[in-house]
K.L.:
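Have a look at this one.
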Amino acid sequence: MIALIQRVLSARVDVDNETVGAIGPGLLALVAVEPDDGEAQTKRMLERLLGYRVFSDDAGKMNRSLTDTAGGLLLVSQFTLAADTRSGMRPSFTSAASPEHGRTWFERLVELAHATHPRVEIGRFGAHMQVHLVNDGPVTFWLEVR
């Protein structure tokens with residue numbers, strides 16, 4: 001499982017000119033499911049999303065997690081993160097999970113997040129989305145769980 005996380009002041013996802021998910025300060029996580037992902041990868045990714053220390057402490061160091069700050073978590077499925085871009089001029093998506101497998105484990109991630117964190121919003125799986133964000137820093141990290 002892959003997540004591209006961005007520390008944000010605010011973020012929202014629109015589908016057909018309607019906002020389907022929005023947060024204030026927190027993390028926007030663009031998430032891709034890979035073919036071998038399952039329960040272990042999903043649980044570990046949530047642990048990393050909630051525990052990764054990307055927020056500043058009183059000394060200005062990145063020592064606080066999303067759990068520490070009680071910030072929002074906006075989860076957005078994005079299979080293109082799993083693309084193979086090593087050669088040619090067009091990405092290959094053979095390294096991404098099938099839509100059915102991707103939906104199963106993305107929805108499981110959302111379910112676990114709702115059970116664990118008080119402020120979780122989501123995009124719409126498989127939809128054409130517009131993602132709006134104000135990146136804070138900018139701070140962006142690539143997380144992988146295998």
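Residues take their numbers from the sequence shown, with the count starting at 1.
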K.L.:
I'd like to know if the side chain of T67 and the backbone of G51 have a donor-acceptor N/O pair within less than 3.5 Å.
P.N.:
no
K.L.:
Could you pull out all residues at least two apart from F55 that satisfy ring-ring contact (aromatic ring centres under 6.0 Å, His included)?
P.N.:
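With sequence neighbours excluded, F55 shows a ring-ring contact (aromatic ring centres under 6.0 Å, His included) to no residue whatsoever.
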K.L.:
Grouping I, L, V, M, F, W and Y whenever their side-chain heavy atoms are under 4.5 Å apart, do L50 and M62 come out in a common cluster?
P.N.:
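Yes; tracing contacts between hydrophobic side chains, which count when under 4.5 Å, links both residues.
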K.L.:
Give the minimum heavy-atom separation between P35 and T94, together with the two atoms involved.
P.N.:
CG-O, 4.4 Å
K.L.:
Without swapping roles, check the side chain of D57 against the backbone of A59 for a donor-acceptor pair under 3.5 Å.
P.N.:
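Yes; at least one donor-acceptor contact below 3.5 Å.
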K.L.:
Return the CG to CZ distance between N135 and R7, rounded to the nearest 0.5 Å.
P.N.:
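It is 8.0 Å, given to the nearest 0.5 Å.
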K.L.:
Any chance you could measure H114, atom NE2, to L73, atom CG, to the nearest 0.5 Å?
P.N.:
9.0 Å
K.L.:
Is there a continuous path of hydrophobic side-chain contacts, each under 4.5 Å between heavy atoms, that joins V31 to I122?
P.N.:
yes
K.L.:
Evaluate the ring planes of F106 and F125, with Trp represented by its six-membered ring, and classify them as parallel (under 30°), tilted (30 to 60°) or perpendicular (over 60°).
P.N.:
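Answer is tilted, since the angle falls between 30° and 60°.
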K.L.:
Quick one: closest heavy-atom pair of E34 and A82, and the distance?
P.N.:
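Where E34 meets A82 most closely, the heavy atoms are CG-CB, 4.3 Å.
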K.L.:
Determine whether V33 and L109 make a side-chain contact, defined as any pair of heavy atoms from C-beta on separated by less than 4.5 Å.
P.N.:
no
K.L.:
So, taking the atom named OG in S56 and the one named NZ in K61, what distance separates them when rounded to the nearest 0.5 Å?
P.N.:
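Interatomic distance, S56 OG to K61 NZ, rounded to 0.5 Å: 10.0 Å.
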K.L.:
Applying salt bridge (charged side-chain N to carboxylate O under 4.0 Å, His left out), name anything that partners E39, two or more places apart in sequence or on another chain.
P.N.:
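Applying salt bridge (charged side-chain N to carboxylate O under 4.0 Å, His left out) to E39 gives K43, R108.
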K.L.:
Could you pull out all residues at least two apart from R53 that satisfy salt bridge (charged side-chain N to carboxylate O under 4.0 Å, His left out)?
P.N.:
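If we apply the salt bridge (charged side-chain N to carboxylate O under 4.0 Å, His left out) test to R53, skipping adjacent residues, there are no hits.
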K.L.:
Run the salt bridge (charged side-chain N to carboxylate O under 4.0 Å, His left out) test on E100 and R103 for me, step by step, so that the C-alpha distance in whole Å, both residues' side-chain angles and the decisive distance to 0.1 Å come before the verdict.
P.N.:
CA-CA 5 Å; E100 298 80 18; R103 180 184 296 274; over 6 Å; no
K.L.:
What is the distance from atom CZ of R146 to atom CE of M1, rounded to the nearest 0.5 Å?
P.N.:
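Nearest 0.5 Å value for the CZ-CE distance: 11.5 Å.
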K.L.:
My understanding is that only residues two or more places apart in sequence, or in another chain, count here; which of them pass side chain to side chain contact (heavy atoms under 4.5 Å, CB included) with P91?
P.N.:
A83, T85, F93
K.L.:
Answer yes or no: is there a side-chain heavy-atom contact under 4.5 Å between M45 and D37?
P.N.:
no
K.L.:
Kindly work out whether a path of hydrophobic side-chain contacts (I/L/V/M/F/W/Y, heavy atoms less than 4.5 Å apart) joins L9 to V54.
P.N.:
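Unlinked, L9 and V54 end up in two clusters.
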K.L.:
Once you round to the nearest 0.5 Å, how far does NE2 of H117 lie from CG of L46?
P.N.:
9.5 Å
K.L.:
Where is the tightest heavy-atom contact between G102 and A97, given as atom of each residue plus distance?
P.N.:
N-CB, 3.9 Å
K.L.:
Hydrophobic clusters join Ile, Leu, Val, Met, Phe, Trp and Tyr when side-chain heavy atoms are under 4.5 Å apart, directly or via other members; which others share one with L74?
P.N.:
I2, L4, V8, V13, V15, V20, I23, L28, L30, V76, L81, M129, V131, L133, W142
K.L.:
Using only atom types and a distance under 3.5 Å, with no angle test, would you say the side chain of T116 pairs donor to acceptor with the backbone of A113?
P.N.:
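Checking the backbone N and O of A113 against the side chain of T116, no donor-acceptor pair under 3.5 Å is found.
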K.L.:
Distance from L27 atom CG to T69 atom OG1, nearest 0.5 Å?
P.N.:
7.5 Å
K.L.:
Using a 3.5 Å distance criterion without hydrogens, assess whether the side chain of H132 forms a donor-acceptor pair with backbone atoms of R12.
P.N.:
no
K.L.:
State whether the side chain of R48 and the backbone N or O of L143 hold a donor-acceptor pair below 3.5 Å, judged by distance alone.
P.N.:
no
K.L.:
Residues two or more places apart in sequence or in another chain: which of them pass side chain to side chain contact (heavy atoms under 4.5 Å, CB included) with S95?
P.N.:
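Scan of S95 (side chain to side chain contact (heavy atoms under 4.5 Å, CB included), adjacent residues dropped) gives D84.
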